[in-house]
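To keep things clear, I will list the structure first and then write my remarks on it.
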Protein chains: 2
Amino acid sequence: MHPTRERILDAAEELFAHHGFEGVSIRQIMTKAEADVSLAYYHFESKKDLFDQVMLRRVEYLNEIRLKALEEVEKRHPDDEPTVEEIIGAFTRPLLSLLAEDHDQWSHYYQLIAQINNSPDRGGELMSRYFDPLVSRFIDALKRALPDSDPEDLYWSYHFLSGALTLTFAETGRIDNLSGGACKSTDIASVIDRMPAFLAAGFRQLCKH
Amino acid sequence: MHPTRERILDAAEELFAHHGFEGVSIRQIMTKAEADVSLAYYHFESKKDLFDQVMLRRVEYLNEIRLKALEEVEKRHPDDEPTVEEIIGAFTRPLLSLLAEDHDQWSHYYQLIAQINNSPDRGGELMSRYFDPLVSRFIDALKRALPDSDPEDLYWSYHFLSGALTLTFAETGRIDNLSGGACKSTDIASVIDRMPAFLAAGFRQLCKH
DNA sequence: TTTGAATTTCAACAATCGTTGAACTAACAT
DNA sequence: ATGTTAGTTCAACGATTGTTGAAATTCAAA
């Protein structure tokens with residue numbers, strides 16, 4: 001069995017993702033982790049600290065593989081600029097592939113990010129803290145791929161991208177209802193096939209001069 | 001001063017939007033509403049019922065004006081089909097205009113919807129219950145505007161639209177950080193100018209045959 | 001075998017939670 | 001004036017909340 005600290009993080013990740021920070025009690029988390037309540041305060045400072053550690057556990061790895069994907073795309077274009085599709089693919093595909101290939105390990109974390117990204121309270125602050133350095137790097141690449149575009153158009157385009165991506169992470173099952181079962185929230189392969197093309201067309205339309 | 005029931009709904013709407021259903025206590029709501037705690041249970045059955053009434057208070061009006069906007073677009077095209085931009089405009093503009101023109105009245109409700117749409121727990125169920133009849137009506141219109149398109153492409157395109165729209169509703173301030181102040185989450189006029197074109201280009205790219 | 005540190009258990013704290021019943025006031029019909 | 005009803009206040013219920021201190025256990029190093 002996993003060491004206690006990991007089991008607590010796993011349980012907290014899943015419960016926070018489903019019911020939010022305040023919708024889950026330490027006792028529920030520790031019951032799911034099969035450990036005594038007090039151990040939460042031996043391994044973590046507080047409930048808030050536990051939440052932060054859940055976030056931090058995976059964020060660096062995600063930023064790493066996404067940066068590497070962008071660098072590889074740029075390495076493939078030593079003389080010209082990569083296309084918008086390639087850049088957006090490097091931004092989204094590492095995340096989506098992870099989710100498609102190891103769903104059990106990543107789905108709850110992604111659901112948590114979906115929730116935070118759309119949380120009016122401190123969503124902007126948290127997402128900026130964890131992801132903005134990487135995102136700025138991608139936006140710079142997009143700026144070069146879309147020369148003479150208005151920066152405001154670019155930021156709003158990224159905003160639309162962010163909303164589309166994180167709603168995918170939420171896996172709410174709504175598209176299952178809407179399509180009468182023809183589409184499934186958990187069918188990430190379908191998203192990998194469609195999202196980069198959809199978003200790249202939007203970027204090119206909005207940032208065309 | 002507003003009647004008590006309205007004040008409770010106003011307070012609950014704002015607090016639920018900011019901290020989620022379980023992140024807010026009845027006592028906090030009633031303190032903000034400047035009314036006794038017990039009045040919550042005189043005017044509503046339970047906390048859950050209060051939440052439902054917050055949702056229901058505005059949803060019918062929203063569905064009405066959006067349906068009317070679609071019908072007007074279709075009336076303008078008695079012989080041919082409306083464009084994708086026109087349909088998406090009818091879907092999004094009534095909502096965004098309301099938010100732009102009467103921000104204080106609508107922003108909290110929209111933030112609540114953003115949160116629910118991205119909630120893995122019962123987000124899909126709730127959104128489907130309140131909005132799917134209207135959404136199906138719009139998707140039918142889009143089907144006619146994009147003949148011979150694969151229905152799965154259409155549903156996934158709508159999914160991306162939904163994510164982009166509701167992240168706008170969340171008004172998290174993240175785009176403010178990311179753009180160094182050049183863009184503002186609350187600047188809905190900028191979204192009205194950009195979102196229909198961005199999304200229509202995505203739809204046409206993905207659903208082109 | 002003794003020591004000391006890391007880990008776990010148990011019991012409890014004040015505060016807050018959603019909810020309820022009974023009493024009280026206001027306004028209005030008879 | 002009397003009765004009825006809608007609206008409001010007050011006090012309290014058992015349950016659960018996040019958190020803590022001290023005791024018990026485990027386990028490797030000395």
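Sequence lines set the chain letters: A, B, ... in the order given, protein chains first and strands last, and positions in each chain run from 1. All heavy atoms count here, side chains included; hydrogens, waters and symmetry mates do not.
Taking the nucleotide of DNA chain D with the nearest heavy atom to each of A:Glu45 and A:Ser25, the more 5' of the two is matched to A:Ser25.
Contact footprint of chain A on DNA chain C: nucleotides with an atom under 4.0 Å from a non-hydrogen protein atom, first to last in 5' to 3' order, C:dA6 to C:dA12.
At a threshold of 4.0 Å, the pair A:Glu125-A:Arg129 counts as salt-bridged, since one of the basic side-chain nitrogens sits closer than that to a carboxylate oxygen. Comment: B:Arg76 does not engage B:Glu71 in a salt bridge, judged by the lack of any side-chain N to carboxylate O separation of less than 4.0 angstrom. A salt bridge is absent between A:Glu34 and A:Arg7; no separation between the charged side-chain nitrogens and carboxylate oxygens falls under 4.0 Å. For B:Glu74 and B:Arg137, the salt-bridge test passes: some basic side-chain N is under 4.0 Å from an acidic carboxylate O. B:Arg57 and B:Asp10 are joined by a salt bridge, as a carboxylate oxygen and a charged side-chain nitrogen come within less than 4.0 angstrom of each other. With salt bridges taken as basic N to acidic carboxylate O contacts below 4.0 Å, one links B:Arg204 and B:Glu85.
Taking the six-membered ring where the residue is Trp, B:Phe169 and B:Tyr110 present tilted rings, their angle falling between 30° and 60°.
For D:dT20, neither phosphate oxygen OP1 nor OP2 lies less than 4.0 angstrom from any side-chain nitrogen or oxygen of A:Tyr41.
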query = Does the side chain to side chain donor-acceptor pair (under 3.5 Å) test come out yes or no for B:Ser190 and B:Asp187, once each step is laid out?
reply = CA-CA 6 Å; B:Ser190 285; B:Asp187 176 19; 2.4 Å; yes
task = Determine which bases of DNA chain D form Watson-Crick or G-U wobble pairs with both distances under 3.5 Å, and write the result as a 5' to 3' dot-bracket string with | for other-strand partners.
result = |.|||||||||||||||||||||||||||.
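Near DNA chain C, defined here as any heavy-atom distance below 4.0 Å, the residues from residues 47-57 of chain B are B:Lys47, listed numerically.
When side chains are defined from C-beta on, A:Glu13 counts as touching A:Arg58, because their heavy atoms get closer than 4.5 Å. Here the side chains of B:Ile188 and B:Thr168 are in contact, with some heavy-atom distance below 4.5 Å.
With sequence neighbours excluded, no residue forms a side chain to side chain donor-acceptor pair (under 3.5 Å) with B:Asp121.
Atom CZ of A:Phe21 and atom C1' of D:dT17 are 12 Å apart (whole Å).
Here side-chain hydrogen bond (donor to acceptor under 3.5 Å, both in side chains) pairs that include residues 97-109 of chain A, with residues two or more places apart or in two chains, are A:His103-A:Glu171.
Between A:Thr172 and B:Asn117, the side chains place no donor N or O within less than 3.5 Å of an acceptor N or O (distance only, hydrogens not considered).
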note = Per-nt protein contacts along nucleotides 6-14 of chain D (heavy atom under 4.0 Å; B base, S backbone sugar-phosphate only, - none) come out as SBBBBBB--
